[in-house]
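A short write-up of the structure that comes next.
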Amino acid sequence: SLDHSARVWDLRKRECVYTLPGHRHLISEVKFEPLDGHYFVTTGYDCLIKVWSSSKYNLVKVLAGHDNKVMSADICPDGSGTIASVSYDRTIKIWMPEEDFSALADGPADMEA
C-alpha cells in the first residue's frame, strides 16, 4: 500500500484483520510458504526481504544483502526454507536457513546469503 505496509484481510468478513508495519518504501511482493503456509515473505524497494510468521504476524527475520530494490522472492516448495530473491541490482540471491525453518512460527531463524 502507499503507506508501505501490508494488510491481512479476512475475505469472509471483508475486513482487515492485521496491518504489518512493512518496509521503509513500497512493498513489491508477498509470497506464502507453499507447503504449510506457516510463514510468508515480503519484498520491498528498501532492498530488504522480510520473513513473517503467518500465525502471529510477527517479524521473524530481515534478509539484507541487495543493493537495489527487491522485486520478487520465492520459497522453495521442498520444505527446506530456501528463499530466492531477485533485485534491480541485477543479482539473484539464494538464502539458506541455518536452522530448521519449520520452527519459524515459534521463533526467529538465522539465515545467510
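Note that the structure is a prediction, hence the values are computed from the model and not measured. Computation of the quantities below employed the complete heavy-atom set of this structure, encompassing side-chain atoms and omitting hydrogens, waters and symmetry-equivalent molecules.
Listed by first and then second residue, the salt bridge (Lys or Arg N to Asp or Glu O under 4.0 Å) pairs that reach into residues 39-48 come to none, sequence neighbours excluded. Within the structure, ring-ring contact (aromatic ring centres under 6.0 Å, His included) contacts touching residues 9-30 (residues at least two apart or in different chains) are Y18-Y57. Contacts classified as salt bridge (Lys or Arg N to Asp or Glu O under 4.0 Å) and involving residues 11-33 (residues at least two apart or in different chains) are given here: D10-R12, K31-D74.
Taking S85 as the reference, H66, W95 meet the side-chain hydrogen bond (donor to acceptor under 3.5 Å, both in side chains) condition, with sequence neighbours excluded. Scored by the side chain to side chain contact (heavy atoms under 4.5 Å, CB included) test, C47 finds no partners at all (sequence neighbours excluded). Taking the side chain to side chain contact (heavy atoms under 4.5 Å, CB included) definition, one finds that P21 meets it with W52, sequence neighbours left out. Residues passing the side chain to side chain contact (heavy atoms under 4.5 Å, CB included) test with D78, sequence neighbours excluded: C76, S80.
Annotation: the span from K93 atom NZ to I49 atom CD1 amounts to 9.0 Å, rounded to 0.5 Å. In this structure, OG on S5 lies 6.0 Å from CD1 on I27, to the nearest 0.5 angstrom. Distance OG/S54 to CZ/F40: 5.5 Å, rounded to 0.5 Å. Note: K50 NZ to L20 CG = 9.5 Å, rounded to the nearest 0.5 Å.
Side chain of D36 to backbone of H38: no donor-acceptor contact under 3.5 angstrom is found.
A salt bridge between D3 and R7 is present, with a side-chain N of the basic residue lying under 4.0 Å from a carboxylate O of the acidic one.
Of the N and O atoms on the side chains of S28 and T43, at least one donor lies less than 3.5 Å from an acceptor on the other residue.
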